[in-house]
Amino acid sequence: MSKVKVTILFSTYNGEKTLPTMLDALCASTLPQDEWKIVAVDNNSSDDTAAVLNSYKERLPLEVYFEPKQGKQYALTLGFRHLEGELVILTDDDVIPAPDWIEQFLTLADQQPQFAIFGGLITPEWEERPASWLIKYGHLGILYALNDGLPEGPISAALISGPNSAFRRSILGSGYIVHDGLGPDATVAQFPMGEDTAFALRLEKNGAKAFHSRRPRVRHIVRKGYVNEGWVLRRGERYGMGLVIVRPDLFDSKTKIGGLPIASALRWLLMVPASVVVKRFPPSGVRFKLLWAQSVRQGILRQFLKQRSTMNKTIYSQVGAK
């Protein structure tokens with residue numbers, strides 16, 4: 001009979017640079033290896049991810065699977081077929097877990113029997129130190145899933161962060177079910193982000209309650225280049241795209257013309273000339289706030305336009321079929 005109490009599940013796409021650091025950290029886990037296992041799903045990587053994963057099979061209770069269809073949702077759905085134990089830890093391929101990480105989640109689940117969703121502390125492991133303006137004014141939770149300011153206790157599932165989250169297996173169901181087109185997808189340059197939030201919110205809607213603790217700890221590797229303004233503003237656009245899907249209630253009461261929220265469209269249009277001018281200024285908090293807000297608006301509009309196009313194609317196909 002299996003003694004596995006916990007399954008650690010993650011997907012990876014071209015993760016060869018961060019995976020060794022993550023897996024080395026897991027080798028130092030304080031929980032006996034017959035009590036946990038790792039399910040890693042290679043989401044059609046084009047680098048040496050597969051070789052890196054396979055090289056750790058003798059050192060870790062590691063199972064490796066391959067999902068050719070691009071998209072985190074599809075990779076994790078494959079991983080869901082191989083879960084064991086009462087607790088499932090969902091994470092990413094770029095974290096450095098503390099040695100007692102798994103044990104702390106098990107203890108937390110025992111101590112909080114009325115909760116079924118758990119979040120842990122996420123602090124940064126900077127490969128390149130960010131500029132002071134980004135630390136002061138950047139939305140570090142949105143940008144890098146950092147949550148050092150989140151207090152211990154019950155929380156909304158909207159505050160659960162993908163790099164460090166755990167769930168009672170009994171509430172999960174058969175698949176990693178989120179909205180189609182939400183989350184990392186290597187086939188598109190800009191995708192709506194927020195798949196981890198959507199997943200946790202769906203479970204909360206079904207009755208599960210969430211709890212945050214600072215004891216299960218990971219450091220999130222922030223890669224070089226992820227602190228430059230261009231990457232940050234593209235992240236803002238992805239965040240805006242995701243808001244339309246994850247939080248549709250924010251837009252339900254908004255006046256729309258041609259399927260677009262008119263207030264967001266007008267603000268974006270009015271700010272286009274100002275954004276061109278502001279980009280010429282040196283980095284500052286004011287400059288960043290203006291450009292960030294514009295990027296988020298652009299993402300919101302981009303997603304509404306995408307949804308309108310999809311709806312029109314559906315209507316045309318239905319008309320053509322009659």
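One finds a salt bridge joining Glu63 and Lys37 here, because a Lys/Arg side-chain nitrogen approaches an Asp/Glu carboxylate oxygen to under 4.0 Å. By the 4.0 Å N-to-carboxylate-O rule, Glu128 lies too far from Lys224 to be salt-bridged with it. Electrostatic pairing of Arg247 and Asp252 does not count as a salt bridge here, judged by no charged N lying under 4.0 Å from a carboxylate O. Between Arg214 and Asp148 a salt bridge is recorded (basic side-chain N to carboxylate O distance below 4.0 Å). Using a 4.0 Å cut-off between a side-chain N of Lys or Arg and a carboxylate O of Asp or Glu, Asp47 and Lys17 do not qualify as a salt bridge.
Seen from the ring of Trp268, Arg302 does not count as a face-on cation partner, given the 6.0 Å and 45° thresholds.
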Could you please spell out the steps behind the side chain to side chain contact (heavy atoms under 4.5 Å, CB included) verdict for Thr107 and Arg215? CA-CA 10 Å; Thr107 300; Arg215 288 174 289 158; 4.2 Å; yes
For Glu195 and Lys72: C-alpha separation, side-chain torsions, deciding distance, then whether salt bridge (charged side-chain N to carboxylate O under 4.0 Å, His left out) applies. CA-CA 9 Å; Glu195 77 291 342; Lys72 181 177 179 179; 3.0 Å; yes
Hey, mind stepping through Asn14 and Ser46 against side chain to side chain donor-acceptor pair (under 3.5 Å) and telling me if it holds? CA-CA 6 Å; Asn14 288 355; Ser46 58; 3.2 Å; yes
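Aromatic ring orientation, Trp126 versus Tyr144: perpendicular (interplanar angle above 60°, classes split at 30° and 60°).
The six-membered or imidazole ring of Phe281 lies away from that of Trp133, with a centre-to-centre distance of 6.0 Å or more.
Here CG of Leu108 is found 10.0 Å from NE2 of His212. Values are rounded to the nearest 0.5 Å. Here Asp100 contributes atom CG and Ser29 contributes atom OG; the two are 8.5 Å apart, rounded to the nearest 0.5 Å. The CD1 atom of Ile300 sits 8.5 Å away from atom OH of Tyr239, with the distance rounded to the nearest 0.5 Å. To the nearest 0.5 angstrom, Phe10 atom CZ is 6.5 Å from Asp93 atom CG. Rounding to the nearest 0.5 Å places OG1 of Thr123 at 7.5 Å from CG of Leu146.
Scored by the ring pair (Phe, Tyr, Trp, His ring centres under 6.0 Å) test, Phe211 finds Phe115 as partners (sequence neighbours excluded).
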